Amino acid sequence: MATSPADLGTGMRAGVHIKIPMLSKDPRFDLFLQAMHLQKRGTGGTDSPIVDDVYDISNSQRLGKSEVELMQVLIKGVEDIIKMEKELIKGGTIDRLLPASVRDLYNKKNKTA
């Protein structure tokens, strides 16, 4: 008998296409996505290029979570992305909007670089 890892949980991927020209250029963007259990890719699917700053943002975790939990992660993450993009468009800073773990990791990386 054999099983596939995809059978260990929902395996659900939910994604949103969102244009984020400001946030996507912030050096902490990838750290934010990682902390929020999200991932980015182009709108054409895996390994597709990013065109006109439009990203497909989706949950990075697929296993061991319910559909509701996965959707909650995506919704919360996209809400935060929208808040940060709006703040950057106004010329503000997103420091207070980033999770503390992202700020700490980013600062640590820059001190050792």
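Everything numeric in this text was worked out from a predicted model, so none of it was measured.
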Show the nearest heavy-atom pair for residues [X] and [Y], with the distance to one decimal.
X    : Y   : answer
L70  : R62 : CD1-O, 4.2 Å
M36  : V73 : O-CG1, 3.3 Å
Y55  : T43 : C-CG2, 4.2 Å
G77  : F32 : O-CZ, 4.1 Å
V102 : A35 : CG2-CB, 3.6 Å
K65  : E69 : CA-OE1, 3.4 Å

*asked:* Is there a side-chain hydrogen bond (donor to acceptor under 3.5 Å, both in side chains) between R41 and S48? Walk through the geometry before answering.
replied: CA-CA 7 Å; R41 64 183 184 182; S48 65; over 6 Å; no
*Intermediate values then yes/no, side-chain contact (heavy atoms from CB on, under 4.5 Å), V54 and I18*: CA-CA 5 Å; V54 178; I18 185 167; over 6 Å; no
Report yes or no: does [X] contribute a side-chain atom to a donor-acceptor pair with the main-chain N or O of [Y] at less than 3.5 Å?
X   : Y    : value
N59 : A14  : yes
Q39 : L33  : no
S24 : D53  : no
R28 : R103 : no

Just verifying a value: how many Å separate [X] [atom1] and [Y] [atom2], rounded to the nearest 0.5 Å?
X    : Y   : atom1 : atom2 : answer
K76  : I81 : NZ    : CD1   : 10.5 Å
S58  : H37 : OG    : NE2   : 13.5 Å
L105 : L98 : CG    : CG    : 11.5 Å

*Would F29 and I20 satisfy side-chain contact (heavy atoms from CB on, under 4.5 Å), going step by step from the backbone distance to the final call?*
CA-CA 11 Å; F29 181 50; I20 43 177; 3.5 Å; yes
Would you say that [X] contacts [Y] through its side chain, given a criterion of any heavy-atom pair below 4.5 Å between the two side chains?
X   : Y   : answer
D80 : L97 : no
K40 : D30 : yes
I94 : D26 : yes

*Take L63 and M12 through the side-chain contact (heavy atoms from CB on, under 4.5 Å) test and state the conclusion after the steps.*
CA-CA 8 Å; L63 304 177; M12 185 180 87; over 6 Å; no
*E87: salt bridge (charged side-chain N to carboxylate O under 4.0 Å, His left out) partners, not counting sequence neighbours*: K90, R96
*Would V16 and L74 count as a side-chain contact (heavy atoms from CB on, under 4.5 Å) if you check the C-alpha gap in whole Å, the side-chain angles of each, and the deciding distance to 0.1 Å?*
CA-CA 8 Å; V16 173; L74 180 63; 3.9 Å; yes
*Could D104 and K109 be called an ion pair, given the rule that one side-chain N must be under 4.0 Å from one carboxylate O?*
no
